S.K.: 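The structure follows.
The sequence lines fix the lettering, A, B, ..., with proteins before strands; numbering per chain opens at 1. All of these numbers come straight from a predicted model, not from anything done at the bench.
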Amino acid sequence: MTYEHFAVLIVIVPLMSAFAVALLGWFKRWACYPLTLAALFVSFICSLGILNTVISKGTIHYHFGGWEPPWGIEYVVDYLNGFMLVMLSFIALVVAIYSKRSIEQEIPEKIVPYYSIFLLLVAGLIGITVTGDLFNVFVFLEIASLAAYALIAVGEDGAPMAAFNYVIMGTVGACFYYLGIGYVYIVTGSLNMADLSQLLPNLYHNKAVLVGFALFTVGIAVKMGLFPLHVWLPDSYTYAPSVTSAVIAPMFTKVMAYLMVRIFFTLFKPYFSIDLIPITQILTWVAAGGIIAGSILAIAQTDLKRMLAYSSIANIGYIVLGIGLANRMGLTGSLLHILNHAFMKGTLFLVAGGIMYKMGMRDITQFRGLHKKMPFTMGTFTIAALSMIGIPPTGGFFSKFYLVLGAIDARQWAFIVVLLISSLLNAVYFFRIIENAYLEPPVTAYATDGGTHEEIKRDELPLSMLIPTLILAAGVVLLGIFNERIIAFIIRFAVPASF
Amino acid sequence: MKVFALLTVIITGVMLVYGAEDFPKWGDPNQPGSVHVAPRYTQGTYIEAGTPNIVTSVVADYRGYDTMGETTVIFTAGMACILMLRKKKRGEGESNV
Amino acid sequence: MFEYIVSKYNYWVYIFLMMLGLYGMIGKKNLVKKLIGMNIFQVAIILFYISIGSKVGASIPILTAEDLHGSANPLHYMNPLPHVLMLTAIVVGIATTGVALGIIIMVYNRYKTLAEDEILEIRKKSGV
Amino acid sequence: MEIVYSIKPLLAVLVSLIAAPLILLTGERQKNLREFWTILAAVIKFSIVVSMVPLVLDGKIIEYTILPIAPGLLLQLRVEPFGMVFALLSSTLWIATSFYSIGYMRGLNEHAQTRYFFAFAMCLSSAIGIAFSANLLTLFVFYEILTISTWPLVIHKETTEAVRGGRKYLLYTLTGGTLILFSAAMIYSLTGTLDFTPGGFLAGHGTPAMLTLLLITLILGFGVKAGIMPMHEWLPTAMVAPTPVSALLHAVAVVKAGVFGCLRVILYVFGPKVLTDLQLWLPLAYFVSFTILAAGLLALGQDHLKRRLAFSTVNCLSIMILGAALLSKSSITGGILHMAFHGFMKITLFFCAGAIYVKTHKEYVSQLDGLGRQMPLTFGAFTIGAMGLAGVPPVNGFISKWFLCLGALEAKEIVFLVVLLFSALLDVAFFFPIIYKAFFKKPLDDVNPHFDEAPMFMVVPLTVTAIISVGLGIAPDAVVHFFKITTLAVNSILGLGAG
């Protein structure tokens, strides 16, 4: 059965290419970039194959070494991680295409190890997503985390400190997570998710399981930067190289959100996470706080990337809010928002990187006249920003719509207010930029007699950077227009049936 | 900061102690962790994996994929150090890892 | 009560160590001390796992000659699985420490100090 | 009701949507080609809309489903009489405004003309989309696009004042948008549908308190654009925009979209039955009556010509909503007719204001002394528009006001008859001084006492709209059958037979 091997290849190809890049790059530096692209492209094809197989033949199970679970390690791909895989590998591919010029400018002497680690990061994230074994998640989580620490640390001046804080927080998160595994293991004796979901219901009142669940939740919350455990996130996103921000922001937190869904609703039965302990309720309130706090903090920033980072915190709030609402509409909105937000944030960070590349700055107050200089870049920025605000027909609107529906279904009026207010706050901080970018530079005032403006020459990004940005922006719109198709064919089945 | 740290630590500690209440006693041979998956490894190690050392057979065979991940972690750490610390070559000088 | 405490002493030890490590990570100002805290934290968890695997009266998880062909009684051998997991975790811990040390070197090269508040001071002065 | 499936409504929306990028790509270099696109799109759009008139008159409904947009919700266009009125209005006036804009923009040698025409085309697309929307979500999609695409027009001048006006505009309209989003989600979760149905579809759903809340949020949401007090603040502020934009804002697209939304809500979502049963129509009528009177009084105090017109607009818009709120046959007819007719009259007035500005750079009423001798055509048209708004026959305003008064009588609420008549009186009070000054006062020193009109591109459109206003007053059923279509709409709402 060849189709099953896609599930493995999607991880192994980037992983092996990471070794190959490191080796080959030693002799031929130019080879890194095409090799990376090729690996990610194969990965992307595999993800499509996987999703296709999942849709046509159902869940894929792959047993490593032929050892049947729970003794061996198993890869399980169903609708939930099937669509995550496509998203991850696609964004990784697009960002990789973009990366060439930006990296050559920002860290020219480190291209070889950069690409190698880039691939390891992608492999790690994909590995977390495909696996059906709790401990295997931890291993790949560490691969991804170490890669992320390094990718952040090579950024500009504040980066090493940001990376160090990230290491400390990230390690706490990861350790809590594998301590959680220990707590679950000690009372069940298994590490396989499917096996555990069978074993755990008898132990739902066991204190070890309760604490284990709490440890999972806190650990993942730290890793995904959920408010108020987000302290590592803004600095890391701000000081990291542009490409790093553009790959970590849309992917890492989303994978953690996926893991949260997986643990809440697959490893544990929804009835445990929702009814037995009030964890989902607590999470919704925490998330609501994160949405408001993130949005307000974003307004206070003048650094584009830092603003985007705070906006990420707010958006993680959306995703967790949807998970916490724990009904069909809410979770649909949440999963859709994972997808949409990955595209929007990807676009925004690519644009931020593009501005950085061309102008060498990202201070919002200096953006005047950018639309003339880089019309396409600012056009894509506008599209993504509108999506963040939630203007139809972009994707962001629909995920918000489902989240609102979910809040209505849960009869949680406070959250509806939070969602609506936050989209206004989003409007405040994004329109501030759009306004700046579309206005003329302040030096030449407007005059009724047709005062002449200083001519700003068009100076667009090189195509290798522009096209990926455009692709992601187009994705933002397409995801919005075809959201019903995505829900009807994929997300509908990814939501637990008991909802 | 100190107070905050102490508070966090105490809360975590209380939570962990609370969870430990339902743990099996130390060294209990029949604790759930030892009776569900592990016996197969003990009994099958030589027949299925060909070595009397159970840890070896689990590391390298039953859960060999984890071990591959583990080596990748080391590789990642190595590459990370190269990425972070390698300086531009000064003339003919060796790279400074 | 006393018996209860004694029968689970391994857990209390690990919890104490872990709290120690966690305090070091959050409460200490020096980056290397934070890192040491992190190591204590990780080692505590490793100890916890290893103690899960132990069985009273059991031997190391290497089969004796007569038990090779499937006749082994699991009660006579330690649970190997936590050991395996901890092999991985130890490696992960080392790798993390390595990367963290690498980052510390970068920090030191830039600020010539490893005290967090001094670094903050320097950064405030330079306006970054 | 016979349903015809046709792609025409989609084409009507797409024409200007396709024109928009063409305008953008053609750019400043080839002005004539760029303007050609505008005019071409306007004409094509008008012909498509008109070509659907006979079918609508036959009592048929034209439908086109673009794609499903959410489970159970379609992005769907449906042409029925009420929407047709709005579509006809917008597409007719677009042609006039296009010509006028060309004159205005070139006359003043304005900057950023490409952006201007681009946003303009986007606005019209969404206006037609709003007119043909088959359900609340589709309406909302186009409504938000309209909001965003109007913004560049408002801040066109890029002065601090304009930017502030733009911010205010966004704040108000986006807040309105979130209220609508909330209501739409709420209604969807109550009824499982959002399809507009003549006579409403909310009957039998939800508690009275819930329905009252929904009516409030929806009227507030759409009322922001319709300038109902106290949400009218943005309208006079947005007067900093170039005059054609004001004309477009106030007479065609934006505010009318708000009114259209309000009427849709009153007549097609709630329906007369629900509103009567819950006794909601009376408070609503009082609410808008307040606006009618207050806006009229405020208009008296304005010296800035465009601001005076803006308050007159606020007044008229609420009159339309009042017509619908009274729920009697004649009042609804009057309300819908006034929506159409007011467009022609008000755009004439704004065109005049623009022509005066281009020619003489005068913006204040107190500066207009004797200007009628210099610009007889402009002021003649102005007189016609003003008469129409005051309800003097034979201008079309008379017909709609006549029906409104009849409706107030039918509803047996004499108060509202008084309101209507008093507001007509106010109209006289704030318009006739202008006419008097222009024609009979001694010219100021800087007025050229000889015939010296604004550019032809401007004078012709304003003359044409003035003539149309009179023409529609004499024969309201001429050419595009406004009156007949309105009657059809009213009959379908009230559940009366065709004819």
S.K.: Is the closest side-chain heavy-atom distance between A/Leu210 and B/Tyr18 below 4.5 Å?
M.R.: yes
S.K.: Quick one: which of A/Thr188, A/Asn192, A/Leu199 has the most heavy-atom pairs under 4.5 Å with chain B, could you say?
M.R.: A/Thr188
S.K.: Please give me the minimum heavy-atom distance between A/Val187 and B/Pro32, naming the atom from each residue.
M.R.: O-CB, 3.2 Å
S.K.: What distance do B/Glu21 atom CD and A/Asn206 atom CG have between them, rounded to the nearest 0.5 Å?
M.R.: 10.0 Å
S.K.: Which one wins on heavy-atom pair count under 4.5 Å against chain B: A/Phe176, A/Tyr114, A/Phe135, A/Tyr149?
M.R.: A/Phe135
S.K.: Heavy atoms under 4.5 Å from chain B: which residues of residues 12-24 of chain A carry them?
M.R.: A/Ile12, A/Leu15, A/Met16, A/Ala18, A/Phe19, A/Ala22
S.K.: Can you tell me if B/Asp22 uses its side chain to pair, donor with acceptor, with the backbone of A/Lys207 under 3.5 Å?
M.R.: yes
S.K.: Can you confirm if the aromatic rings of B/Tyr62 and A/Trp71 lie within a centre distance of less than 6.0 Å?
M.R.: no
S.K.: At a heavy-atom separation under 4.5 Å, does A/Val209 approach chain B through its side chain, its backbone, both, or neither?
M.R.: neither
S.K.: Could you tell me which of A/Asn136, A/Ile111, A/Leu121, A/Val11 has the largest number of non-hydrogen atom pairs under 4.5 Å with chain B?
M.R.: A/Asn136
S.K.: If I measure from the heavy atoms of chain B, does A/Leu120 come under 4.5 Å with its side chain, its backbone, both, or neither?
M.R.: side chain
S.K.: Please check if atom NZ in B/Lys25 has more than 12 non-hydrogen atoms from other residues, nucleotides or ligands closer than 6.0 Å.
M.R.: no
S.K.: Would you mind checking which part of A/Val154 comes under 4.5 Å of any heavy atom in chain B, side chain (CB onward), backbone (N, CA, C, O), both or neither?
M.R.: side chain
S.K.: Might you point out which heavy atoms bring B/Met15 and A/Ala214 nearest each other, and give the distance in Å?
M.R.: SD-CB, 4.1 Å
S.K.: So what's closer than 4.5 Å to chain A heavy atoms on B/Glu70: side chain, backbone, both or neither?
M.R.: backbone
S.K.: Which region of A/His63, side chain (C-beta onward) or backbone (N, CA, C, O), has a non-hydrogen atom less than 4.5 Å from a non-hydrogen atom of chain B, or is it both or neither?
M.R.: neither
S.K.: As an exercise: rank A/Ile117, A/Leu191, A/Ile73, A/Leu146 by heavy-atom pairs under 4.5 Å with chain B and give me the winner.
M.R.: A/Ile73
S.K.: With a strict 4.5 Å heavy-atom criterion, list every residue of residues 160-169 of chain A that contacts chain B, or say none.
M.R.: none
S.K.: Kindly state whether the ring of B/Tyr65 and the ring of A/Phe140 have centres lying under 6.0 angstrom apart.
M.R.: yes
S.K.: At a 4.5 Å cut-off on heavy atoms, which part of A/Tyr115 comes close to chain B: side chain, backbone, both, or neither?
M.R.: neither
S.K.: Let's test your reading of the structure: which of A/Ser190, A/Gly72, A/Ala144 forms the most heavy-atom pairs below 4.5 Å with chain B?
M.R.: A/Ser190
S.K.: Would the distance check show the side chain of A/Tyr185 and the main-chain N or O of B/Gly33 forming a donor-acceptor pair, the cut-off being under 3.5 Å?
M.R.: yes
S.K.: State, to 0.1 Å, how close B/His36 and A/Gly189 come at their nearest heavy-atom pair, and which atoms those are.
M.R.: CD2-O, 3.6 Å
S.K.: Measure distances from A/Glu68 to the heavy atoms of chain B and classify the residue's part below 4.5 Å as side chain, backbone, both or neither.
M.R.: side chain
S.K.: Heavy-atom distance under 4.5 Å to chain A: side chain of B/Leu16, backbone, both or neither?
M.R.: both
S.K.: Can you tell if the side chain of A/Glu142 reaches within under 4.5 Å of the side chain of B/Thr76, non-hydrogen atoms only?
M.R.: no
S.K.: Counting heavy-atom pairs closer than 4.5 Å to chain B, which one of A/Ile186, A/Leu151, A/Val218 comes out on top?
M.R.: A/Ile186
S.K.: I need the minimum non-hydrogen distance between A/Ala208 and B/Phe23, along with the two atoms involved.
M.R.: CB-CE2, 3.4 Å
S.K.: Using a 4.5 Å cut-off on heavy atoms from C-beta on, say whether the side chain of A/Phe138 contacts that of B/Asp66.
M.R.: no
